[in-house]
Amino acid sequence: RIAKQNNLDLHAFLKIAPNNILYQGFVNFDHDSSYYNWVNTDARSKLEFYSNDHSAFMDSSREYSATFQIKTNRKGISRARYLLFESEIMIPEKLNKAAVVLSIVNGTEQIYYTDFDLNLYVKQSDEWQKIQFLFPLNLRKNSDDLIKLYIWNPGKSKFYYDDISIIIY
């Protein structure tokens with residue numbers, strides 16, 4: 001909101017210079033194939049989409065969205081300080097309970113967990129809305145931890161999401 005008030009895009013406001021980016025990825029769900037660093041990308045829809053001809057969806061049968069995951073021991077990632085998540089989302093029906101989750105795990109051990117409740121940031125609408133969340137990272141040095149980012153849908157709400165961008169810096 002502050003960036004918009006000052007007529008800045010979020011990248012400029014956060015001072016994300018290209019040389020500060022450790023990882024940048026994008027998934028638009030337009031191809032029926034696997035996406036590098038992504039799992040659970042099979043829930044695709046042609047009914048509603050933000051760009052091209054597909055989006056991903058959540059409904060009463062899906063508690064977890066497509067999940068981004070990356071090991072912290074991957075070159076450069078261990079020194080990351082932030083993860084920026086951006087996506088387009090459409091919520092045609094009342095949103096019961098859903099959140100964008102960042103989790104850091106090591107095997108079965110939960111190292112870190114935080115989330116943003118979507119009810120606080122989006123409204124029911126047949127229009128696409130952009131969501132952006134900045135997650136601070138406090139990664140352990142010399143570890144084999146796994147960063148996971150996904151939308152959790154315990155309320156079994158119906159909604160669509162598309163064009164996810166992940167930037168780690």
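Just the heavy atoms: all of them, side chains too, but no hydrogens, waters or symmetry mates, feed the values below. Here the structure is a predicted model, which means the values were calculated and not measured.
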_Apply side-chain contact (heavy atoms from CB on, under 4.5 Å) to residues Q124 and L95 and explain how you reach the verdict._
CA-CA 7 Å; Q124 181 180 339; L95 190 63; over 6 Å; no

So do the side chains of [X] and [Y] get within less than 4.5 Å of each other, counting heavy atoms only?
{"X": "L83", "Y": "I167", "result": "no"}
{"X": "Y160", "Y": "P92", "result": "yes"}
{"X": "F68", "Y": "Y23", "result": "yes"}
{"X": "K156", "Y": "E63", "result": "yes"}
{"X": "K130", "Y": "Q132", "result": "yes"}
{"X": "I151", "Y": "F159", "result": "yes"}
{"X": "L137", "Y": "L102", "result": "yes"}
{"X": "K148", "Y": "V105", "result": "yes"}

What distance do [X] atom [atom1] and [Y] atom [atom2] have between them, rounded to the nearest 0.5 Å?
{"X": "F57", "Y": "M90", "atom1": "CZ", "atom2": "CE", "answer": "14.5 Å"}
{"X": "I91", "Y": "E127", "atom1": "CD1", "atom2": "CD", "answer": "13.0 Å"}
{"X": "L22", "Y": "Q24", "atom1": "CG", "atom2": "CD", "answer": "11.0 Å"}
{"X": "S103", "Y": "Y113", "atom1": "OG", "atom2": "OH", "answer": "7.5 Å"}
{"X": "N138", "Y": "R81", "atom1": "CG", "atom2": "CZ", "answer": "7.0 Å"}
{"X": "D145", "Y": "I104", "atom1": "CG", "atom2": "CD1", "answer": "7.0 Å"}

Do [X] and [Y] sit in the same hydrophobic cluster, where Ile, Leu, Val, Met, Phe, Trp and Tyr count as joined when their side-chain heavy atoms come under 4.5 Å apart?
{"X": "V101", "Y": "F135", "answer": "no"}
{"X": "F26", "Y": "Y36", "answer": "no"}
{"X": "Y150", "Y": "L120", "answer": "no"}
{"X": "I70", "Y": "V27", "answer": "yes"}
{"X": "L146", "Y": "L139", "answer": "no"}

*NZ of K123: more than 12 outside heavy atoms within 6.0 angstrom?*
no

_Candidate pair K97 and N153, rule side-chain contact (heavy atoms from CB on, under 4.5 Å), full reasoning_ = CA-CA 6 Å; K97 181 174 172 71; N153 185 29; over 6 Å; no

*Say whether S157 and E93, considering side chains only, have a donor N or O and an acceptor N or O under 3.5 Å apart.*
no

*Could you tell me whether the side chain of Q69 and the main chain of W38 form a donor-acceptor pair under 3.5 Å?*
no

What closest approach, in Å, do [X] and [Y] show between heavy atoms, and which atom pair accounts for it?
{"X": "W128", "Y": "S55", "result": "CH2-CB, 4.1 Å"}
{"X": "S87", "Y": "I164", "result": "OG-CG1, 3.6 Å"}
{"X": "S143", "Y": "T72", "result": "OG-OG1, 3.3 Å"}
{"X": "A98", "Y": "P154", "result": "CA-CD, 4.4 Å"}

*Write out all pairs satisfying ring-ring contact (aromatic ring centres under 6.0 Å, His included) with one or both partners inside residues 72-105, taking only residues at least two apart or from two chains.*
Y82-Y169

*Which residues satisfy the side chain to side chain donor-acceptor pair (under 3.5 Å) test with R79, sequence neighbours excluded?*
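Listed in chain order: nothing, the list is empty.
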
*Partners of K71 by salt bridge (Lys or Arg N to Asp or Glu O under 4.0 Å), sequence neighbours excluded?*
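Checked K71 against salt bridge (Lys or Arg N to Asp or Glu O under 4.0 Å); matches are D144.
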
*Working for side-chain contact (heavy atoms from CB on, under 4.5 Å), residues I166 and L84*: CA-CA 6 Å; I166 304 283; L84 177 62; over 6 Å; no

*asked:* What verdict does the side-chain contact (heavy atoms from CB on, under 4.5 Å) test give for V100 and L118, after you've listed the backbone C-alpha separation in whole Å, the side-chain angles of each residue and the deciding distance to 0.1 Å?
replied: CA-CA 7 Å; V100 176; L118 283 174; 3.9 Å; yes

*Mutual orientation of the aromatic rings belonging to F133 and Y121 [parallel < 30°, tilted 30-60°, perpendicular > 60°]*: perpendicular

_Mutual orientation of the aromatic rings belonging to W152 and Y64 [parallel < 30°, tilted 30-60°, perpendicular > 60°]_ = parallel

